[in-house]
Amino acid sequence: QVQLVESGGGLVQTGDSLRLSCAASGRTFSNYAMGWFRQAPRKEREFVAGISRNGLSTYYAGSVKGRFTISRDNAKNMVYLQMNSLKPEDTAVYYCAADTAISLSQVTVAYREYDHWGQGTQVTVSS
């Protein structure tokens with residue numbers, strides 16, 4: 001079992017940047033592929049970005065590609081989401097998730113594949 005705690009959300013203006021952090025505790029962090037999802041009011045939870053166990057492979061949703069960067073520090077049990085050029089449509093609760101992945105280079109995209117979730121952190125982008 002791994003526990004995930006997100007932080008770093010807040011209220012920003014269009015064009016600003018934020019960095020979300022996710023702290024993991026419990027089982028060996030490097031055993032998990034990690035991902036960020038978001039859920040806006042009255043919308044389904046959607047994939048934002050994913051990173052492999054070894055940090056060498058990443059994948060992004062088209063809506064954030066080029067603006068967001070996912071990274072991880074296995075020594076610190078942390079995963080990050082750097083968000084630049086924020087837009088009002090990025091407003092959502094952002095969730096960190098962990099998938100028990102066998103492959104070191106696998107990036108997990110599907111919501112149902114993730115085993116563990118954090119409680120979420122609110123990001124609000126004003127226009």
Side-chain angles (χ1 to χ4, degrees):
Q1 190 83 357
V2 63
Q3 291 78 42
L4 304 172
V5 179
E6 302 96 333
S7 62
L11 172 63
V12 297
Q13 295 185 335
T14 298
D16 285 350
S17 297
L18 272 179
R19 188 175 85 152
L20 304 183
S21 298
C22 174
S25 60
R27 293 287 182 91
T28 304
F29 180 64
S30 59
N31 286 347
Y32 297 90
M34 300 297 296
W36 286 96
F37 286 73
R38 66 186 181 186
Q39 188 166 18
R42 298 174 297 281
K43 292 188 176 181
E44 293 187 354
R45 193 170 298 190
E46 65 173 355
F47 172 83
V48 175
I51 190 167
S52 61
R53 288 174 54 191
N54 59 12
L56 296 181
S57 300
T58 58
Y59 188 78
Y60 298 92
S63 58
V64 307
K65 193 172 184 180
R67 299 189 297 123
F68 291 11
T69 302
I70 188 171
S71 61
R72 68 187 295 162
D73 185 336
N74 285 348
K76 296 182 178 179
N77 291 359
M78 297 290 295
V79 63
Y80 306 98
L81 186 67
Q82 177 67 43
M83 304 186 295
N84 298 330
S85 302
L86 283 162
K87 305 175 181 180
E89 51 263 44
D90 295 318
T91 295
V93 177
Y94 283 71
Y95 297 90
C96 174
D99 170 38
T100 308
I102 295 175
S103 169
L104 286 173
S105 59
Q106 170 188 323
V107 177
T108 305
V109 176
Y111 170 92
R112 64 183 180 276
E113 298 294 330
Y114 283 88
D115 309 300
H116 308 284
W117 294 84
Q119 83 290 346
T121 185
Q122 176 71 46
V123 172
T124 303
V125 185
S126 64
S127 57

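Here the structure is a predicted model, which is why all the values come from computation and not from measurement. Numbers for residues simply follow the sequence, beginning at 1.
For the pair Glu44/Tyr111, no side-chain contact is recorded, criterion being any heavy-atom separation below 4.5 Å from C-beta on. Within the 4.5 Å cutoff, the side chain of Val123 has heavy atoms near those of the Met83 side chain. Gln1 is not listed as a side-chain neighbour of Asp115, based on a closest heavy-atom distance of 4.5 Å or more.
Between Trp117 and Phe37, the ring centre distance stays below 6.0 Å.
A distance of 11.0 Å separates CD1 of Ile102 from CG of Asn31, quoted to the nearest 0.5 Å. Interatomic distance, Thr91 OG1 to Gln122 CD, rounded to the nearest 0.5 Å: 7.5 Å. With values rounded to the nearest 0.5 angstrom, Tyr80 atom OH is found 11.0 Å from Ile51 atom CD1. The distance from the CE atom of Met78 to the CZ atom of Phe29 is 8.5 Å, given to the nearest 0.5 Å. Remark: Tyr32 OH to Asn74 CG distance equals 12.5 Å, nearest 0.5 Å. The distance from the SG atom of Cys22 to the CG atom of Asn77 is 10.0 Å, given to the nearest 0.5 Å.
In the hydrophobic clustering of ILVMFWY residues, with side-chain heavy atoms under 4.5 Å counting as a link, Val107 and Phe68 come out apart. In the hydrophobic clustering of ILVMFWY residues, with side-chain heavy atoms under 4.5 Å counting as a link, Tyr60 and Val125 come out together.
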Q | From CA spacing to verdict: side chain to side chain contact (heavy atoms under 4.5 Å, CB included), Ser71, Gln82 | A | CA-CA 8 Å; Ser71 61; Gln82 177 67 43; over 6 Å; no
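A donor-acceptor pair under 3.5 Å is formed between the side chain of Ser103 and the backbone N or O of Ser105. Judged purely by atom type and a 3.5 angstrom limit, Arg72 uses its side chain to pair as donor or acceptor with the backbone of Ser52. Glu6 contributes a side-chain N or O that, together with a main-chain N or O of Gly120, makes up a donor-acceptor pair within less than 3.5 Å.
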For residues 12-20, please give each side-chain donor-acceptor pair under 3.5 Å, one per line with the distance, not counting sequence neighbours.
from  : atom 1 : to     : atom 2 : distance (Å)
Thr14 : OG1    : Ser126 : O      : 2.8
Asp16 : OD2    : Gln13  : N      : 3.0
Ser17 : OG     : Asn84  : OD1    : 2.9

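Residues Tyr95 and Gln119 approach most closely at CE2-O, 3.5 Å, considering heavy atoms. Listed here is the closest heavy atom pair of Phe47 and Thr108: CE1-O, 3.6 Å. Taking both residues in full, the closest heavy atoms of Met34 and Cys96 are given as CE-SG, 3.5 Å, listed atom of the first, atom of the second, then distance. Pairing each heavy atom of Arg53 with each of Ala33, the nearest pair is CG-N, 3.7 Å. Nearest approach of Glu113 to Asp99, heavy atoms of both residues: O-OD1, 2.9 Å. In terms of heavy-atom proximity, Tyr114 sits nearest to Ala97 at CD2-CB, 3.3 Å.
With sequence neighbours left out, the salt bridge (Lys or Arg N to Asp or Glu O under 4.0 Å) criterion links Glu46 to Arg38.
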